[in-house]
Structure formats: structure tokens, C-alpha cells
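Everything on this sheet refers to the single structure shown next.
One-based numbering along the sequence shown. These values consider heavy atoms only, across backbone and side chains, with no hydrogens, waters or symmetry-generated copies. This is a predicted model, so every value here is computed, not measured.
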Amino acid sequence: MIYGATGYTGRMAAEHAAAAGLNPILAGRDGARLAQLAAGLGVDYRAFGLDDPASVDEAISDVAVLLNCAGPYLRTAPPLMTAAIRAGVHYLDIAAELDSYRLAEELDGQAQTAGVMLLPGSGGSVAMLGCLAGHAGERVTNPRRIQIALHVSGSMSRGSAVSATENLTTDCLMRADGKLTSRSP
């Protein structure tokens, strides 16, 4: 299931999934926009908001994996992560928001008990740059420092701009000994 399927990134994920022969269920709040996109891709859709846990539980009860493409994740990750745990559904999002990482860490014990993977930050730049840094670090003997730059051409999507505005922070997280910890930038 792709939640936020009618947004900029969600639409791309839905189109790529359909083109790859997958049969995603498109989801989000706007039934009319979902119906139009789903018809064009030949897939099913479900319209539901996130304010009623029982509705969310029902909507995801028969899916194996939920990809959340609907920001701001400060608002969408908590209800979707907790519903995923209740339903035994793996959760991924494309967030680059620290709150999603913190929430996943906080819910990790419940997720493990439910046999659920919580993977926030699995989108483009976060996953790509992390993998690039890991790959480079493995290929260099005793690396002391890795610097990576990312240039994004063009403007942000509306959703990315809203998420960036609501999550502006100077906090920096790192994983040390298996735990997220704050560190100075």
C-alpha cells in the first residue's frame, strides 16, 4: 500500500510500482484523486484519514507493506506506524525527519514483538547517501572522514516544503552502539 499516493513522490512510487508489475493499493485522504490515479494505473485504492485508528486498522488489515509518502511525517508517521504494528504490517516512509527516526526507535520493542519492520527515511536522499557513505567507508582503509554533498535542482514539492518548514531544527542524530543519540552538528 502506498499512502499519500496522489502527492508528488507518492504518485511516482505508484507509477513505478505499477510499471514494475506490482499491484499496489493506493491510499490517502482524497477519494476522487485516488480514484482517478488508480483507474489510470489499473489498481485498487482506499480513501481514509488518519484521525480514527479503527479506520486505519481496517484499511491496512490485508496488506503486507505500507509505504508512507504523505508528509509532514510529524503528523502521519505516528498513526501509521502504530497501526502497522497492530496489524502486523511492515512500515516504510520516505521522511528525512528526525521525529520519524525517534518514533521508530521508541516503538522498536513493540514492532519486534509484532514481527514488524519500521523503516523511516527509506526515501531517495536519506537511503542513497547512507548507502553511499557505508560503501565508501568499506572500501577505504581506516577512513577518518567522509563528506557527501547533494545538490537538488528545481524547487521542492509542496509537501516537502511544508515538512521542511514544520521540522526545521539544528538537531543532528547519529546511531551509536545501536541507539540513536544526539550529537553536535
Closest heavy-atom pair and its distance - [X], [Y]:
X    : Y   : answer
Y101 : A95 : OH-O, 3.5 Å
A59  : M1  : O-CE, 3.3 Å
G31  : A47 : CA-CB, 3.7 Å
A13  : C69 : CB-SG, 4.5 Å
G49  : V56 : O-CG2, 3.5 Å

Quick one: [atom1] on [X] to [atom2] on [Y], what's the gap to the nearest 0.5 Å?
X    : Y    : atom1 : atom2 : answer
I60  : Y3   : CD1   : OH    : 11.0 Å
M117 : I85  : CE    : CD1   : 12.0 Å
Q110 : L118 : CD    : CG    : 9.5 Å
S100 : Y73  : OG    : OH    : 8.0 Å
D51  : R75  : CG    : CZ    : 13.0 Å

- Decide side chain to side chain contact (heavy atoms under 4.5 Å, CB included) for V89 and V116; before the verdict, give the C-alpha distance in whole Å, the side-chain angles of both, and the deciding distance to 0.1 Å. CA-CA 6 Å; V89 173; V116 168; 5.8 Å; no
Using side chain to side chain donor-acceptor pair (under 3.5 Å) as the criterion, list what pairs up with [X], not counting sequence neighbours.
X   : value
S61 : none
Y91 : N68, D93
D30 : none

Side chains of L103 and M81: closer than 4.5 Å at any heavy-atom pair?
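The answer is yes, as the side chains (C-beta and beyond) meet within the 4.5 Å cut-off.
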Distance-only check: which donor-acceptor pairs under 3.5 Å involve side-chain atoms of residues 136-143, not counting sequence neighbours?
from: R139; atom 1: NE; to: H135; atom 2: NE2; distance (Å): 2.8

* **Pairs where residues 33-49 contributes a residue and the test side chain to side chain donor-acceptor pair (under 3.5 Å) is met, not counting sequence neighbours** =>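 Only R46-D62 qualify under side chain to side chain donor-acceptor pair (under 3.5 Å).
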I need the single residue from L80, T9, L92 that forms a side-chain contact (heavy atoms from CB on, under 4.5 Å) with L67. Which is it?
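For L67, the side-chain contact (heavy atoms from CB on, under 4.5 Å) check succeeds only for L92.
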List for me each residue that meets salt bridge (charged side-chain N to carboxylate O under 4.0 Å, His left out) alongside D57, sequence neighbours excluded, and say none if there are none.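 Partners of D57 by the salt bridge (charged side-chain N to carboxylate O under 4.0 Å, His left out) criterion, ordered by chain and then number, come out as R86.
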In a table with atom names and distances, give each donor-acceptor pair under 3.5 Å that connects a side chain of residues 15-24 to protein atoms at least two apart or in another chain.
none

Original post:
Listed by chain and number, what are the side-chain contact (heavy atoms from CB on, under 4.5 Å) partners of Q112, not counting sequence neighbours?
Top reply: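 Listed in chain order: D108.
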Set of residues satisfying side-chain contact (heavy atoms from CB on, under 4.5 Å) with respect to A5, sequence neighbours excluded |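 Scan of A5 (side-chain contact (heavy atoms from CB on, under 4.5 Å), adjacent residues dropped) gives I2, L26, L34, L37.
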